[in-house]
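In what follows, every chain begins at residue 1, and chains take the letters A, B, ... in the order their sequences are listed.
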Amino acid sequence: DHYYKAVIKVFVDLYNKGLIYRGARMINWDPAAKTALSDEEVEYKDVMGKLYYIKYEIAPSKNASKADPSQTSNYVVIATQRPETIMGDTAICANPNDERYAQLKGQKVIVPLINKEVPVIFDDYVDKDFGTGILKITPAHDINDFNIGLKYNLPVVDTLNEDGTISEAAQIYIGEDRFTARKKIVEELKAKNLLVKEEEYATRLGYSQRTSVVAEPKISTQWFVKMKNLAAPALEAVTSGNVTIHPTDKFSATYKYWLENVKDWCISRQLWWGQQIPAWYDEEGNVFVAETEEEALKLTDGNSRLIQDEDVLDTWFSSWLWPIEVFNGITQPGNKDIEYYYPTATLVTGQDIIFFWVARMIMAGMEFMKEKPFADVYFTGMVRDKQGRKMSKSLGNSPDLLHLIHEYGADAVRFGIMISSPAGNDLLFDEGSLEQGKHFNNKLWNALKLIRMWSLRQPGDEIAEPQEKEQGNFAVEWFNSRLNEARIEVNILMSQFRLSEALKTIYSLIWDDYCSWFLEWIKPEFGEPVNKQTFNAAVSFFDDILQVLHPFMPFITEEIYHLLKDRNDDLVIKQFINTAPPNVESLLKGARLKELITAIRDARNKHRIRPKDHIKLYIETGDEKSYNSIIPILSKQANAEMITFASQPKTSSITIVSGKEKIYIEANIEVDIIAQKEKLQQDLDYLKGFLITIDKKLSNDRFVQNAKAEVIELERKKKSDAEAKITAIEQGLASL
RNA sequence: GGGAGCAUAGCUCAGUUGGUUUAGAGCAUCUGCCUUACAAGCAGAGGGUCCGCGGUUCGAACCCGUGUGCUCCCACCA
């Protein structure tokens, strides 16, 4: 109801400001259904048509005929696809720079068959190189001709009836169907020697979606909003950065182009459903615009009978007020809500309505509030199917969302859509990503299950082994840093509206870092209690990752948040805390630990050491201290029953080079020396190739002179690292 | 016809003013595991002429030119 009032108020306001007017417009007409069509209801098809070249005789001019009597027998040739419209011609037109037709200035030509004199006019619109370089102007039946007609004040002669037959205004062939008339006219032109030639011509014709007949351009009277003054502040809002469109590169240009070349907005529609235009006509056809019929009556002499305009308003004429009227800002200006909430933060919408809606909301904001409606516009991609086709009703390739939610769960559907929608690009919908979301849900449940098992087995007192405490300490320290690092990353990505990348970061933080590394590192032996401090940290981290994930998967995160422990607050309203900078040292140490574990597991795999089999590890390092606090984790993750710092054991062993260090695995297996050599040789080849590329750089004087100091320093470090690794591998190879 | 964007692993995409390795992730693939949270899983691996060509630079996936292919928007020329 308040929207209704707002729309009427705005219409009257704009009319009184002179920004709304009535005018003629070319629309598409369906002669079979006898109705106007919207542009969306017209389908263009490529078809072969014919171009007819017709003679137009030059009328004997009073002045010219005396000076040059030969001109009376002259004619111009004009090409047309639609000879049946010649009776509607009201001028012919050439390019002002076309010398061939320069002498026609001020002259008239005779329209064939009806012998009507029409003027020759000149306009840049005409392409000198197309057809004969001169064209007939038929304002009633072609949009471009209509515009030229407006410019040169030409009369409009409508030669067609509503059903597509020739009208009385045409003078000849009255009542004949448009296509029958075309044939007959061509024959008559031939007979009278006025047809120079016919040419095959590839063209595009608009067909009515409803009846499949060729749509006919037709003139009708419509209501318009003058856009130029409204567009300027809306353009400025975006170019100045007051409103930011995301992704910026892709759509700012489109937005600017449209606003710079904006056309007046046709706001009337010939539909039953819609809001009727608040305009009334008296018996003489005078128009009165007012909010109600009573108000309109006051504008008349008081004796008139008024009839309201039957047309309704374009649906966007109410939609463009939404950011304002949603807070009653039009109907109750200055109310508490509009003062508090306007302007809003972010509009999320589809790129297909950038002009229909987004641009016009900004216009309305600038016009009626003198302030932008929102600070950011985020365009989601178009959803397409796996083959890249648009989702559409006619193709039937749109998924049933409720069915998907039933099958995968609401959070999984959200996950699947968001993980596969890179900012600004189209989204290829694939149920595989929904399945990934479902698996992710499952992972979260299982993490909860694990932690709850610990909590049940938690004894009241502190009986934790020192070793367990140690591994817990390092794991907690490391994950805390990793969490902070990821939070900072997510904040940056979110502020740039890179949602899928933010979600990927969170996914990896939870699955890889929290579940696969952290929980495994602190996990006690079966049946053993977990250290209380470590346990509390694990729960607290779980809270944190749930909160980070919550905007993407609100249901499961809220649920787990409450199952994790008893509490009084809800995740949905819990405020994000400021992120602390991560401890770089523990991040590096954690990365190094992962690298070691992976290298050992890889070697186990390659040498077919079964997962259950224990191994012994000999680490040859110059820096034993760096292994402080990670040995228990390493031994558990590599399933090593013993780790010592020593050089190669006497028994046959597997040699691994990780970083600059050598590690030997002693296991109860036959060691495949050849396979080992191959692996080491492979690494050696890679490193040597790598070293060559660095040496090339460093031995290039111009590089050393021109590159920044830190770049050179980095290259030197890469070189010495690579050399150290090479030495280690060569030693390893030699000892085999 | 005018304009914009894109082209990187089998697929979908990152790659942040040119230098952190001979380019990364997820999914898919391959190998080994039913290991007391999770087989909807765990561990590991393989996989690339960064679309072609030319240029700028000590140095190019990144900058410039050009060709090819794709997508979208606008217009729909007698």
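Following rounding to the nearest Å, A:Asn441 (CG) and B:A37 (C1') show an atom-to-atom distance of 16 Å. If you take CG of A:Asp142 and P of B:A78, they are 8 Å apart, rounded to a whole angstrom. Atom CH2 of A:Trp445 and atom C1' of B:A39 are 20 Å apart (whole Å). Summarising the geometry, the separation between CD on A:Glu489 and C1' on B:A14 is reported as 11 Å, rounded to the nearest angstrom. In this structure, A:Gln436 places its CD atom 5 Å from P of B:C27, rounding to the nearest Å. Whole-Å rounding puts the A:Ile354 CD1 to B:C73 P distance at 12 Å. Taking atom CG of A:Asp613 as the reference point, atom P of B:A43 lies 19 Å away to the nearest angstrom. Following rounding to the nearest Å, A:Phe379 (CZ) and B:C72 (C1') show an atom-to-atom distance of 13 Å.
Across all strands shown, A:Cys93 has no heavy atoms under 4.0 Å from either base or sugar-phosphate atoms. Among the heavy atoms of the strands lying under 4.0 Å from A:Lys718 are primed sugar atoms or P, OP1, OP2 only; no base atom is included. Contact annotation for A:Ser516: backbone-only contact, meaning every heavy-atom pair under 4.0 Å involves sugar-phosphate atoms and none involves a base. No contact: A:Arg604 has no heavy atom under 4.0 Å from any strand. Contacts of A:Val704 with the nucleic acid, taken as non-hydrogen atoms under 4.0 Å apart, are absent. Among the heavy atoms of the strands lying under 4.0 Å from A:Asn442 is at least one base atom, whether or not backbone atoms are also near. Among the atoms of the strands shown, base atoms are found under 4.0 Å from some heavy atom of A:Asn706.
Panel note: side chain A:Thr80, backbone A:Tyr52; no donor-acceptor pair is recorded below 3.5 Å.
Contact between the side-chain N/O atoms of A:Thr598 and the OP1/OP2 oxygens of B:G44 is found at a separation under 4.0 Å. Dashed line: the shortest gap from a side-chain N or O of A:Lys438 to OP1 or OP2 of B:C38 is not under 4.0 Å. Neither OP1 nor OP2 of B:A78 sits under 4.0 Å from any side-chain N or O of A:Thr80. Distances shown here put a side-chain N or O of A:Arg498 below 4.0 Å from the OP1 or OP2 atom of B:G15. OP1 or OP2 of B:C27 sits under 4.0 Å from a side-chain N or O of A:Tyr507. The side chain of A:Lys263 places an N or O atom within less than 4.0 Å of a non-bridging phosphate oxygen (OP1 or OP2) of B:A75. Between A:Trp511 and B:A40, a side-chain N or O to OP1/OP2 separation shorter than 4.0 Å is absent. The shortest distance between the side-chain N/O atoms of A:Lys504 and the OP1/OP2 oxygens of B:C13 is not below 4.0 Å. In this model, the phosphate group of B:C58 is not approached by any side-chain N or O of A:Gln705 to a distance below 4.0 Å at OP1 or OP2. Taking side-chain N and O atoms only, A:His439 has a distance below 4.0 Å to OP1 or OP2 of B:G41.
As rounded to the nearest Å, B:A9 and B:G3 have C1' atoms that lie 33 Å from one another. Nucleotides B:G19 and B:C63 have their C1' atoms positioned 15 Å apart, rounded to a whole Å. Comparing B:A23 with B:G65, their C1' atoms sit 25 Å apart, to the nearest whole Å. When the C1' atom is compared between B:U49 and B:A7, the two are found 15 Å apart, to the nearest whole Å. When the P atom is used for both B:G67 and B:G1, the distance is 14 Å, rounded to whole Å. Spacing between B:U36 and B:C42 at atom C1', rounded to whole Å, works out to 14 Å. To the nearest whole angstrom, the two C1' atoms, one in B:C72 and one in B:G54, are 29 Å apart. Separation of the P atoms belonging to B:A43 and B:A37 is 14 Å when rounded to the nearest angstrom.
Across the strands present, B:A40 finds no partner; the criterion is a Watson-Crick or G-U wobble pair with both atom distances under 3.5 angstrom. A 3.5 Å limit on both hydrogen-bonding distances identifies B:G5 as the Watson-Crick or G-U partner of B:C70. Searching all strands for a Watson-Crick or G-U wobble partner of B:A75 with both distances below 3.5 Å returns nothing. A 3.5 Å limit on both hydrogen-bonding distances identifies no Watson-Crick or G-U partner for B:C34. Pair check for B:C27 finds B:G10; Watson-Crick or G-U wobble, both atom distances under 3.5 Å.
A distance below 6.0 Å separates the ring centres of A:Phe415 and A:Tyr507.
With respect to the salt-bridge test (charged N to carboxylate O, under 4.0 angstrom), the residues A:Arg498 and A:Glu489 do not qualify. A salt bridge links A:Lys719 with A:Glu723: the closest approach of a Lys/Arg side-chain nitrogen to an acidic carboxylate oxygen falls below 4.0 angstrom. Using a cutoff of 4.0 Å between basic side-chain nitrogens and carboxylate oxygens, A:Lys606 and A:Asp602 are scored as salt-bridged.
When each of A:Asp89, A:Leu195, A:Ile78, A:Leu189 is tested with A:Pro112 by the rule side-chain contact (heavy atoms from CB on, under 4.5 Å), just one qualifies, namely A:Leu189. Paired with A:Thr85 under the rule side-chain hydrogen bond (donor to acceptor under 3.5 Å, both in side chains), one option of A:Arg178, A:Arg182, A:Lys136 passes, and it is A:Lys136.
Comparing B:C58, B:U22, B:C33 against the side chain of A:Arg610 picks out B:C33 as the nearest. Distance from the side chain of A:Pro611 is smallest for B:C33 among the nucleotides B:C33, B:C73, B:U22. The side chain of A:Asp602 sits closest to B:A45 out of B:A45, B:C77, B:A43. Checking B:C73, B:G26, B:C58 against every side-chain atom of A:Phe355, the shortest atom distance belongs to B:C73. Of all nucleotides listed (B:G19, B:A37, B:A14), B:A14 comes nearest to the side chain of A:Glu501. With B:C58, B:U21, B:C74 as the candidates, the nucleotide lying closest to the side chain of A:Phe703 is B:C58.
Side chains of A:Val156 and A:Thr90 form no contact here, defined as non-hydrogen atoms less than 4.5 Å apart. No side-chain heavy atom of A:Thr380 sits less than 4.5 Å from a side-chain heavy atom of A:Thr349. Residues A:Phe355 and A:Leu259 fail the side-chain proximity criterion, which asks for heavy atoms closer than 4.5 Å.
With RNA chain B read from its 5' end, the first of the two nearest nucleotides for A:Lys606 and A:Trp258 is the one closest to A:Lys606. Along RNA chain B, the nucleotide nearest to A:Ala447 and the one nearest to A:Leu51 differ in position, and the one closer to the 5' end is contacted by A:Ala447.
A:Glu520 contributes no side-chain N or O that forms a donor-acceptor pair with the base of B:A43 under 3.5 Å. Between the side chain of A:Lys449 and the base of B:C38 there is no donor-acceptor pair of N/O atoms closer than 3.5 Å.
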